[in-house]
Amino acid sequence: MSIERFLKSELPIKENLRLLMSDFMQAATSNREELLIVLEIVRTHPKAGQIQLARMSEARSHLSELLAMKIENNSPLVLDILAEVLLFSGWTGILRWLKESIELQEAFDESWEALGEVTKILAV
């Protein structure tokens with residue numbers, strides 16, 4: 001789902017976010033071998049880890065800004081937390097796909113379902 005399509009979509013926000021994050025995962029995982037190498041570099045080189053953290057922070061900021069265009073009347077803090085949770089959920093699915101014998105879409109679906117369970121816990 002393109003950003004423009006995300007912003008123009010009239011789907012319920014939950015489904016719209018699900019499609020956006022699924023597309024994000026597909027784009028982020030275009031080369032499995034390359035991702036495995038990057039993970040190893042980040043794991044073994046502290047400076048690379050700092051760079052990765054900065055990139056993830058930048059991704060969160062961009063997603064938060066995008067969410068602000070679609071979700072009205074929410075505080076920047078709420079949007080930052082939502083962006084962080086969405087990215088973490090997506091990254092968790094990517095890591096499962098990289099480290100386990102699981103299809104990418106299945107890893108995403110399971111991460112998304114787990115995110116739903118987390119929201120239920122927090123809603124109590």
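The structure displayed is predicted, hence computed values, not measured ones.
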4.5 Å side-chain heavy-atom contact, [X] and [Y]:
| X | Y | answer |
| --- | --- | --- |
| I3 | M69 | no |
| L17 | W112 | yes |
| L67 | D80 | no |
| K70 | I13 | yes |
| L115 | F88 | no |

Between Q105 and S22, is a side-chain contact (heavy atoms from CB on, under 4.5 Å) present by the stated rule, with each step listed?
-> CA-CA 8 Å; Q105 189 60 50; S22 179; 3.6 Å; yes
Sidechain-backbone polar pair: S89 side chain, L86 backbone, donor-acceptor under 3.5 Å = no
Any donor-acceptor pair under 3.5 Å from R32 side chain to W97 backbone = yes
Return yes when atom CD of E100 has more than 12 non-hydrogen atoms of other residues, nucleotides or ligands closer than 6.0 Å, and no otherwise.
-> yes
R60 vs I81, side-chain contact (heavy atoms from CB on, under 4.5 Å): CA-CA, chis, key distance, verdict | CA-CA 9 Å; R60 185 210 27 90; I81 291 171; over 6 Å; no
Give a yes or no on whether V118 and F108 share a hydrophobic cluster (residues Ile, Leu, Val, Met, Phe, Trp, Tyr; joining criterion: side-chain heavy atoms under 4.5 Å apart).
-> no
Salt-bridged, R43 to E40, with N to O below 4.0 Å?
-> yes
